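For reference, the structure discussed in these notes is given below.
Quick caveat: nothing in here was measured; it's all calculated off a predicted structure. To find a chain, count down the sequence lines: A is the first, B the second, and so on, and within it residues start at 1.
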Amino acid sequence: MTPESHKPSPTSPPTKQTQTAKNVIPPIARLGIGLWLFFLLVALGADYLAPHDPYLAKARPLLPPSGEHWLGTNDVGQDIFSEIIVGARMSLLVATVTPSIVVTIALLVGITAGYAGGSIDILLMRMVDVMLAIPSLPLMILIAAYSGSGTLQLIAILSLFAWEIPSRLIRNEVLSVRNLMYVQAAHALGCTPLQVIWRHIIPALLPVLITSFASQASRAVFLEASLAFIGIGDPTSKSWGAMMRAATGFRGIWYGINWVWWVLPTAACISLLVLAFSFIGQGLERWANPRLSK
Amino acid sequence: MKLHFAKLFTYLFTLWLTVTLNFLVPRLLPGDPILSLIDASDGASYDEAVRKQLESYHGLDQPLGVQYVHYWQNLLRGDLGDSISFRKPVSELVLARLPWTLGLVLPSLVISSLIGLVAGTHAGWRRGSSVDRSLTVILISLWNLPAFFIGFVLIMLFGVYLQWLPLSGAVTRFAQFDSIGAQVLDMFKHWLLPAATLIISTIGGRFLLMRNSMSVVLGQEYVLAARAKGVTENNVKYRHAMRNALLPFFTAFSTQVGLAVTGATIIESLFVYPGMGLLLLEAVNTRDYPLVQGAFLVISVTVLTVNLIAEQVMVKIDPRIA
Amino acid sequence: MKTVFLKKMTLTAAAVLMAACSSTPPPPNSSTVANNIASKANIATLKLAGGTDWGYPTPFLLSRGPGLVHSLYIFDTLTWKDKNGKHIPWLAESWAASPDGLTWTFKLHPKAKWHDGKPVTADDVKFSVDYQTKNVPALPVRALTELTSVTVKGEKEVEFKLKSPYAPFLTNLAGALLILPKHIWEGVEDPKKMRDAKALTGSGPYKLKEYNQTDGSYWYEANKDFYLGEPVVKQLQFIPVKDEFLALQQGQLDAGSIDSFGAAADSATAVQSALSKFKTTPWALLEAPGEWTMALKYNMTKAPFNDIRFRKALAYVINMQDMVDRVVLGQGVPGSQGWATMANAWYNPNITVYKQDLVKANALLDEMGLKDSDKDGLRELAGKPLEIELLFAAGFDTPRVPELVQQYLKEVGIKIKVVGIDRNQRDTRATKGEYDLILVGFGGLGGDPDGLRTTFSSKLPRNSFSQPFGWKNDEFDQLADQQFRIVDENERRKITDKLQQMLSDELPQLHLYHPTRFWAYRKDILDGWHYTLGGIASGVPQSFDKALFVTGK
């Protein structure tokens, strides 16, 4: 349910696999990367892979699957299979750009708060509290109403309500690293704060950054679909969420079996892509976290 | 004590900022609350005079500053104002909806946490076993299904095909019940599908959290020591390991309560469940400023308070996070 | 769910109160409703679909047309309409107009009583006019401004005087003004704060038993002492449902509308078999042409929309039949460019009709000089590629319509950029002319053709999104001003026909399609369902005719 509840997965502990082969990417991450690459290829080659123009409503509406239309046609006569293929673009675009923005903001906020401490820390963490305290979903709807429904606006909205939790995670991580012996030692040896941050803190943050990125990617895909489902998003581009909305909003959906080839494959794609990012995040965290696999 | 005053002050400051944002954001965005009172497709009935009259009745013709002062004056008297589109006091509307959302969200979160807790403990204890693997695969897969899809499938199965459970709403309206028990059963039947959707879609997160913190705890020295001392397996599992693994679990739970209240919006709109999320959506759609403010405020205060408590607890648990 | 509920609103509710009607002159001594009663067995409870909150049913707290229909169960108007839109006696037992059409006298039903037992008097009628002039009700009764005076002529007799003849008098005033009890409302300063049980003291056939704002459920109970006879339907329940059709299938409702997925052509056999159930006993299906329109509006203060050739070209490019087949799955008709549809008594069948004709469209565009000189597949306007922004209410209206418009226009080298905005903003921008192209859905001409004037005359201020933006035709304005003063129906029809003809030639907005209305009902429970011609009161397009619930037919 709650798209907001998709939070970065918790710090993972060492496993047998990572303990034995710390430099090998764990299978779960490889599976995730494989899935992700698959969707990436589909998105990039959509124009060649899609058998029909998904925007063209020329076929009869609500056709069942056939050789011509592998997943039948939707309520207006567009090819569902082609819609799904082209829809991968929107999901991947959102899943790449949003986490990049989010992690960059979170890094700035988290390091500033964690390293500077004191009143700056309090101020930034209060900001995080305020952002977390404001009901985000209705506010997203409100802002979407204002900014219009383009893809850029959607990404901006998704990012605006996502940097808070990663910021706090990074800040907490910075706090715990800052007090570690070797960091204290670096200070004592006269390293400037920037040097300390660059040489000691950022490397220590890598696991958090990777998990944050992956979980933000899966959150973005998830939320894009959820928002499209309640009618927010770019109406001119095909997206899986918009397809779900069209399918479940079509009144006849409850009476036929069209939902089997209309709703199920679409939902499966959303889930698989979200899953891919979860796997990547979980797998790579262990791989990248030397402390965990001591 | 000093620390507590500082905390209280920042809490109040956050509260003020939230209230002010709740006031400003809806008003700065384009939109017209009067549209909910008139039929914009019928020009002949509504001339400028009618519109002006409506605006002044709802105080919308006042300068923003004056409206803001009025808002605070009313707020301090405990008055959330009157909804424009529902033509009713905001507090009445919120009070009518809040119990439904809380009744849906809280038990669902508790249930999904309990299941996640037990399943996560077992899986974490026997990490890598077949039980762990199958639980992990099933629960993570469910976790990654969009809630609206889970809800859709549940409605299709239990509402349309099997017709065991009602499709929407929170009660059977106008039904005559023989006993309180029958009435409670009716409410339970309506609650079941949205709650199941919420539970299924959140269980994976709880499970993973517990499973992972369990594994971390297992590597700790005191657990190893307890095992070495020959303490029984179950004793180690529940008294030592699980108790320690619970801490991050509870902090995560507390911060998610607030989020879940609005997060339930999608489920409420799918099941037409008369909760806060649906109310807030309607308020935003009609630009019903007083209602948006009131509903936002209630949710924000809840979330802020929960966060404050969680922070105090966290400081006690882990003094590093001061 | 939300989308379904919104879709439903587009089709039935948003279409509201467009005008008024005196399609037939007042019957001098018509048969009373009371005579028709008692042919049908009593109906204990009639279950209908609720689920949308239309407000607390007082005249001041109700919401839009459907809210008015709720209020009308409790409160009465002087006259009512039969299914053909003919005015029949209701609270007024009889009425008469002076030959010059300036004086109207109404005699109230002798047995008419308020729910608290006090008689309804001429005083109450005069009070209702005065009170609702001072305190504008939720749905303003615009015709009140036509009155010069209201005089109490006796306990049960009241006289209205007009400034000048007003053709829609019965529809827009006698049939639209809710009569309120003076002894309750007198002294009420702010009627919007009046929300106790006393506020629902009416004279109508029903009393409100239970109302839940949270899920829009209403429960009415028959008023046993109703002056036209005890209603046949004893209880009237509006139950919230997720999907009206599904609820009908599952036997939760006794009647309900089936819209927006229609017969689904021959491709969805499951849908068809779902529908076929309602064609067999005990079910019956009522099919009626619709008046609601999905309209494409253009900003005619700008090029190229100010050029009639461009507007005609659009009408020749857009395949309206295809749109009907795809958007409402064949359950509707292509747009009628005179606005009035064949569902309306004032429909002019001879207006200009546009069918897709790309040759004509291309010729018109070429003639305007909108040519594709750089051969990139796009025509140019003043050297720039012709790319037009099309706004629509995302999350409220179906995105299928803009998608199809985009597809059709691409064929003649016009690129459409679809931009979704939320409904609240759409309404505002459509009203203020902040658009190039915009899609709006709204109700039909309704009860009286004066809607042609109030919607299309450039003399009226722009305060509605159904009005065209930047269109002015002096002849149209002049004719429009004449028609509503002409009491003779045939004379008036000549003008309204001409007005529709002008609209179809000048195309100040393009009507795309009108969905057909379907109503499925258990005829063993209640037969005789109908859509009142011209709509309930001054034009609410619903089938909840309270006269049906009172008489059972």
Side-chain angles (χ1 to χ4, degrees), chain A residues 53-66 69 72-78 83 140-151 153-154 227-239 242-260 262, chain C residues 1-8 242-246 249 258-275 322-323 325-330 390-404 406-408 410 416-426:
Chain A
D53 175 357
Y55 295 92
L56 196 65
K58 279 278 188 229
R60 262 215 317 247
L62 301 172
L63 285 175
S66 64
H69 301 283
T73 57
N74 65 12
D75 60 317
V76 78
Q78 295 160 336
E83 268 190 294
M140 284 186 200
I141 294 163
L142 200 65
I143 295 176
Y146 165 71
S147 63
S149 55
T151 311
Q153 287 94 324
L154 182 73
L227 288 179
F229 180 72
I230 52 173
I232 293 171
D234 190 344
T236 57
S237 17
K238 291 284 171 195
S239 90
M243 284 179 68
M244 285 291 290
R245 176 184 165 77
T248 54
F250 175 64
R251 284 188 76 186
I253 200 73
W254 306 105
Y255 318 112
I257 46 163
N258 294 57
W259 70 281
V260 173
W262 193 0
Chain C
M1 68 172 297
K2 195 80 180 175
T3 33
V4 171
F5 145 73
L6 291 176
K7 243 185 211 170
K8 214 165 64 190
K242 177 179 175 61
D243 184 288
E244 212 164 328
F245 191 84
L246 217 48
Q249 284 267 3
I258 303 174
D259 51 29
S260 86
F261 73 89
D266 45 352
S267 51
T269 42
V271 176
Q272 258 207 334
S273 67
L275 200 65
D322 187 54
M323 209 164 236
D325 292 342
R326 293 181 188 281
V327 179
V328 287
L329 297 167
L390 170 62
L391 302 177
F392 86 107
F396 181 72
D397 283 335
T398 167
R400 299 311 190 198
V401 178
E403 270 178 29
L404 286 172
Q406 196 173 33
Q407 178 182 326
Y408 302 137
K410 201 175 158 189
I416 294 290
K417 182 172 177 268
V418 179
V419 175
I421 51 178
D422 88 323
R423 184 187 170 210
N424 188 293
Q425 256 194 96
R426 191 274 313 262

Would you mind checking which part of L404(C) comes under 4.5 Å of any heavy atom in chain A, side chain (CB onward), backbone (N, CA, C, O), both or neither? side chain
Not counting sequence neighbours, which residues clear side chain to side chain contact (heavy atoms under 4.5 Å, CB included) with Q153(A)? List them please. S147(A)
Separation between CD (E403(C)) and OH (Y55(A)), nearest 0.5 Å, reads 8.0 Å
Heavy-atom pair of closest approach, residues Q407(C) and A57(A): OE1-N, 2.9 Å
Closest approach of R245(A) to F396(C) (non-hydrogen atoms, all atoms of both residues): NH2-N, 4.4 Å
Check side-chain hydrogen bond (donor to acceptor under 3.5 Å, both in side chains) between D325(C) and all other residues, then give those that pass, not counting sequence neighbours. Q321(C)
Taking every non-hydrogen atom, the tightest pair across G77(A) and R326(C): CA-NH1, 3.7 Å
Does the side chain of L329(C) reach to within under 4.5 Å of the side chain of L62(A), using non-hydrogen atoms? yes
Is any side-chain heavy atom of N74(A) less than 4.5 Å from a side-chain heavy atom of R400(C)? yes
